[in-house]
Amino acid sequence: MRKPARRKPARKKPANRLLQLGIALLAALAAAFLIPPQAPDSFQEAKQLARQIHGERGQTFYCGCAYQGNRVDLASCGYRPRRNAQRAARIEWEHVVPAWVIGHQRQCWQQGGRDRCSERDPVFARAEADLHNLVPAIGEVNGDRSNFPFTDRLSASPGQYGRCGMVIDFRRRQAMPPEATRGAIARTYLYMHERYGLRLAKQDRQRYEAWHRLYPVSEAERRRNQAIACRMGWGNPYVGEVALWRCGFGRLGEVAGSALGIAGSLAEAALRR
């Protein structure tokens, strides 16, 4: 009696692996070719986007006061106006690296100041509108800080603005920010210096590099970096990496983002076979 022939185990079809790898490749290409939103062209446009990123409710950068819309709750942080109560009650969008610092190194500033640079110098216009450099600040603090450089060596103690830890030395034309903001300030200065080719004195660079090490990136800073990257197309590398595929640039972005996750799993499974 003849024994039934044994069936050979079915070979895994190479076509399945190719199909799965093809799905992964297509999804990756879809994400790679997504066109992110354009960075703002002007400071006015940047302020509108900054409001959306930071939300209608938040905290001011230097003093940690709660705000809603354009109004600051001074009692929430024990802020005491130094001189201008009206300006202290409103939010203004502060350039961490002042527009003066960006502009006075450029020829356009000598020909007509900030307005001239905004209108005629595209590099200045991009730097002035860079969302990584904009933070919500109490208007009075923004005005008092002016274009003063930051330091951590003022002998004066906080108290100019009640419980807010910001210190302004008008005679020496320097500002000493609260420790909680120094890391973010440093990373902004280092980023702006590199992206726009700004001159940075050796002493200032050493200070900001030290602050960058001493005051690590917070989770809130990472979230802000990701949100700004989704608006501009790039993040601040000193804060950390960003995932542009998660931004969901329109319906295509949503599909590609989902496809990337699925395709990655399929590719792994296919390679293990």
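In what follows, every heavy atom counts, from backbone to side chain, and hydrogens, waters and symmetry copies are set aside.
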Quiz item: When you measure from the side chain of E128 to the backbone N and O of F124, does any donor-acceptor pair fall under 3.5 Å?
Solution: no
Quiz item: Where is the tightest heavy-atom contact between E221 and A184, given as atom of each residue plus distance?
Solution: OE2-CA, 3.5 Å
Quiz item: When you check the gap from the basic side-chain N to the acidic O, do E219 and R222 get nearer than 4.0 Å?
Solution: yes
Quiz item: If Ile, Leu, Val, Met, Phe, Trp and Tyr residues are connected whenever their side-chain heavy atoms lie under 4.5 Å apart, and connections chain through other members, are I228 and W234 in the same group?
Solution: yes
Self-check item: Flag side-chain contact, heavy atom, 4.5 Å: Y79 against P81
Solution: yes
Quiz prompt | Pairwise distance CD(E179) to CD1(I185) - rounded to 0.5 angstrom | solution = 11.5 Å
Quiz item: Once you find the SG atom in C164 and the one in C63, is the distance between them below 2.5 Å?
Solution: yes
Quiz prompt | Heavy-atom pair of closest approach, residues A46 and L134 | solution = CB-CD1, 3.8 Å
Quiz item: Has R172 got its NZ or CZ under 6.0 Å from the middle of the six-membered ring of F148, at an angle within 45 degrees of the ring axis?
Solution: no
Quiz item: Any chance the rings of Y208 and H193 have centres within less than 6.0 Å?
Solution: no
Exercise. Quick one: do Q68 and D73 satisfy side chain to side chain contact (heavy atoms under 4.5 Å, CB included)? Show the steps, please.
Key: CA-CA 8 Å; Q68 181 174 356; D73 181 0; over 6 Å; no
Self-check item: Exam field: side chain Q226 to backbone A243, donor-acceptor pair closer than 3.5 Å
Solution: yes
Self-check item: Minimum heavy-atom distance A39-M232, with the two atoms named
Solution: CB-CE, 4.0 Å
Quiz item: Are a donor atom and an acceptor atom from the side chains of D130 and Y196 found within less than 3.5 Å of each other?
Solution: yes
Quiz item: Is any side-chain heavy atom of R114 closer than 4.5 Å to a side-chain heavy atom of F43?
Solution: yes
Practice problem: Among E194, E209, H212, H132, find the one that has a side chain to side chain donor-acceptor pair (under 3.5 Å) with Y238. | Solution: E194
Quiz item: Is the backbone of N236 close enough, under 3.5 Å, to the side chain of N225 for a donor and an acceptor to pair up by distance?
Solution: yes
Self-check item: Carboxylate-amine/guanidinium contact E56 R51, below 4.0 Å
Solution: no
Exercise. List the atom of I138, the atom of A88, and the distance in Å for their closest heavy-atom pair.
Key: CG2-O, 3.3 Å
Quiz prompt | Closest non-hydrogen atom pair between S118 and A125, with its separation | solution = O-CB, 3.9 Å
Quiz item: Can you tell me if CZ on R120 sees more than 12 non-hydrogen neighbours from other groups inside 6.0 Å?
Solution: no
Quiz item: Side chains of Y161 and D144: donor-acceptor distance under 3.5 Å anywhere?
Solution: yes
Self-check item: Pair R90 + E140, salt bridge at N-O below 4.0 Å
Solution: no
Practice problem: Count the heavy atoms of every other residue, nucleotide or ligand shown that sit under 6.0 Å from CD of Q105, and state whether that count exceeds 12. | Solution: yes
Exercise. Taking R187 for its side chain and L190 for its backbone only, find out whether a donor-acceptor pair lies under 3.5 Å.
Key: no
Quiz item: Is the side chain of N133 donor-acceptor paired with the backbone N or O of V97 at a distance under 3.5 Å, no angle test?
Solution: yes
Practice problem: Any chance you could lay out the side chain to side chain contact (heavy atoms under 4.5 Å, CB included) test for F61 and H54, step after step, and finish with the verdict? | Solution: CA-CA 11 Å; F61 182 67; H54 288 264; over 6 Å; no
Quiz item: Counting distance only, does the side-chain N/O of R182 pair as donor-acceptor with the main-chain N or O of P177 below 3.5 Å?
Solution: yes
Exercise. Measure the shortest side-chain to side-chain distance between H104 and N147 over non-hydrogen atoms and say whether it is less than 4.5 angstrom.
Key: no
Quiz item: Checking side chain to side chain contact (heavy atoms under 4.5 Å, CB included) for the pair R145/M166: CA distance, chi angles, key distance, verdict?
Solution: CA-CA 9 Å; R145 187 259 167 135; M166 187 71 159; 4.1 Å; yes
Exercise. To the nearest 0.5 angstrom, please state how far the CG atom of D204 sits from the OH atom of Y189.
Key: 7.5 Å
Quiz item: D169 and R153: side chain to side chain contact (heavy atoms under 4.5 Å, CB included), yes or no, with the steps?
Solution: CA-CA 11 Å; D169 188 324; R153 298 183 180 279; over 6 Å; no
Practice problem: Group every Ile, Leu, Val, Met, Phe, Trp and Tyr by side-chain heavy-atom contacts under 4.5 Å, then state whether V141 and F150 land in the same group. | Solution: yes
Quiz item: Just by distance, with hydrogens left out, do D152 and W211 show a side-chain donor and acceptor under 3.5 Å apart?
Solution: yes
Quiz prompt | Q160-R80 side chain donor-acceptor pair, cut-off 3.5 Å | solution = no
Quiz item: Would the number of heavy atoms belonging to other residues, nucleotides or ligands and lying under 6.0 Å from CD of Q111 be above 12?
Solution: yes
Self-check item: Transitive ILVMFWY side-chain link L198 to V135, under 4.5 Å
Solution: yes
Exercise. Can you measure from CD (Q48) to CD1 (I53) and round to the nearest 0.5 angstrom?
Key: 12.0 Å
Quiz prompt | Interatomic distance, S146 atom OG to F170 atom CZ [nearest 0.5 angstrom] | solution = 9.0 Å
Quiz prompt | Spatial distance of atom CD (Q52) from atom CG (L131) [nearest 0.5 Å] | solution = 10.0 Å
Practice problem: Would you kindly confirm whether V239 and V96 end up in one hydrophobic cluster when ILVMFWY residues are joined by side chain heavy atoms under 4.5 Å apart? | Solution: no
Self-check item: Spatial distance of atom OG1 (T60) from atom CG (N142) [nearest 0.5 Å]
Solution: 11.5 Å
Quiz item: At their closest point, which heavy atom of G103 faces which heavy atom of W109, and how far apart are they?
Solution: O-CB, 3.0 Å
Quiz item: Transitively linked via ILVMFWY side-chain contacts under 4.5 Å: Y215 with M176?
Solution: no
